[in-house]
2 protein chains.
Amino acid sequence: MTNLKYSRQREAIKEYLASTTCHPTADTVYMNIKKLYPNISLGTVYRNLSLLAEHGEIIKISCGDGSDRFDANIGQHYHLICSQCGEIIDLQMDSIDHINAIANASFPGKINGHTVYFYGTCEKCLKTEKYS
Amino acid sequence: MTNLKYSRQREAIKEYLASTTCHPTADTVYMNIKKLYPNISLGTVYRNLSLLAEHGEIIKISCGDGSDRFDANIGQHYHLICSQCGEIIDLQMDSIDHINAIANASFPGKINGHTVYFYGTCEKCLKTEKYS
DNA sequence: GTGCTTGCAAAGGTTTTGCACTTAT
DNA sequence: ATAAGTGCAAAACCTTTGCAAGCAC
C-alpha cells in the first residue's frame, strides 16, 4: 500500500463518485471525468479506482455482470440488483451482521466478513410490470 | 431458454462438476474434460456451462477474482472465500433466508433472493497461520 | 531531485461468437 | 430433415502494465 500524492485526476474521480448513487463502472467514471479532463486515460481511471478501493475510500462491487462497479458510500449498507433493469440500488435496512456468527457456528475456520447482493425488482420496474 | 439435446460433452461436464466440491473455473473444467474428450474446445465448455446455469442445473459463482466458478451443488448453501489461499469452501450452516424479509422491510420494490459470500480463513490456513 | 502520477499504447486474461461441419431426435 | 451442438479461430470485452514524460512534495 503505497503513499498517495495529490492528483487532480484522482480528486475528480472521488468527487464524481461522491456525487452519484448509481454505482458506475470504470468506463462510466472515465466518460464523466473526461468532461473535466479530456486527456485523462482509462488506465489512470483504473489505477485510481484500485488505489482508492485499496485505501478504503471507495468500495468495489463485483456483481458478476461483466464490469466491476464503484461506490463512494463506504458506510455499512447493502445492494439490490434489479432483475429487470439491472440497476444497483442502495438498501436502507437493519444490520444483518449476525449472519457471520451463524456461519461461524459450525465452521472450523474463521469468518470475519461477508458480501451480500439482494436480487429482486426495483420500485420503478415494479410499477411498470406487466404481470402482477 | 432453448431446448437441450443430449451431448456427450455436456454430460461429461455435468459429471465432472458433480464429482468435485472445489468450484472449478471454466478453464479447469476444460482441462479435466479434455482428458476424456481431447478435442473438446474451450468454447464448448463455456457454452455448456452457460446453458447448464441457465437451466438451473449448476450454479455460477462470481466472486470477482477474475474468473467465474461453477458448482453442481444446487441445494441451498453458502460459500466461504479464504482470504489467504483463495479457495472457495462450502459452508454447512443454518438458513439465513430471513435476511430477505429484513431487506424487504423498508424497501419499496420487491426482494426475492440473495447471494452471500463469506470472507475469512479456512481451517487449513488457520492451522498454518503465523499470527494468532 | 525523488518518487508518485499520467497518457498512451500494447498486452493480458476471460468470455463470446461466426462459421462450416457433425450429431441427436 | 431439422434444429441443436461442436471445434476452431477470431473477436470482444474488461483490466492491467511498460514506458517516457510530468507533477507533487
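Computed from a predicted structure; not experimentally measured.
Looking at B:R69, B:E87, B:H23 one by one, the single match for side-chain hydrogen bond (donor to acceptor under 3.5 Å, both in side chains) with B:H79 turns out to be B:H23.
In this structure the side chain of A:Y37 never reaches within 4.5 angstrom of the side chain of A:K35, judged on heavy atoms. For the pair A:N100/A:N112, no side-chain contact is recorded, criterion being any heavy-atom separation below 4.5 Å from C-beta on.
Under the 3.5 Å distance criterion, the side-chain polar atoms of B:T121 are left unmatched by any main-chain donor or acceptor of B:L126.
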Each nucleotide of nucleotides 15-25 of chain D classed B (base within 4.0 Å of a protein heavy atom), S (only sugar-phosphate) or -, in 5' to 3' order, makes BBBB-----BS
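B:N48 has a side-chain polar atom (N or O) that falls below the 4.0 Å cut-off from OP1 or OP2 of D:dT6.
Summarising the geometry, atom CZ belonging to A:F118 is positioned 7.5 Å from atom CD1 belonging to B:I102; distances are rounded to the nearest 0.5 Å. Atom CG in B:L4 sits 5.5 Å away from atom CG in B:L51 (nearest 0.5 Å).
Residue B:L52 contributes atom CG, which lies 10 Å from atom P of D:dG5 at whole-angstrom precision.
Remark: A:Q92 CD is loosely packed, at most 12 non-hydrogen atoms of other residues, nucleotides or ligands lying under 6.0 Å away. Shown here is B:D94, whose CG atom has no more than 12 heavy atoms of other residues, nucleotides or ligands within 6.0 Å.
Taking a heavy-atom distance under 4.0 Å as the criterion, the stretch of DNA chain C touched by chain B extends 5' to 3' from C:dT14 to C:dT25.
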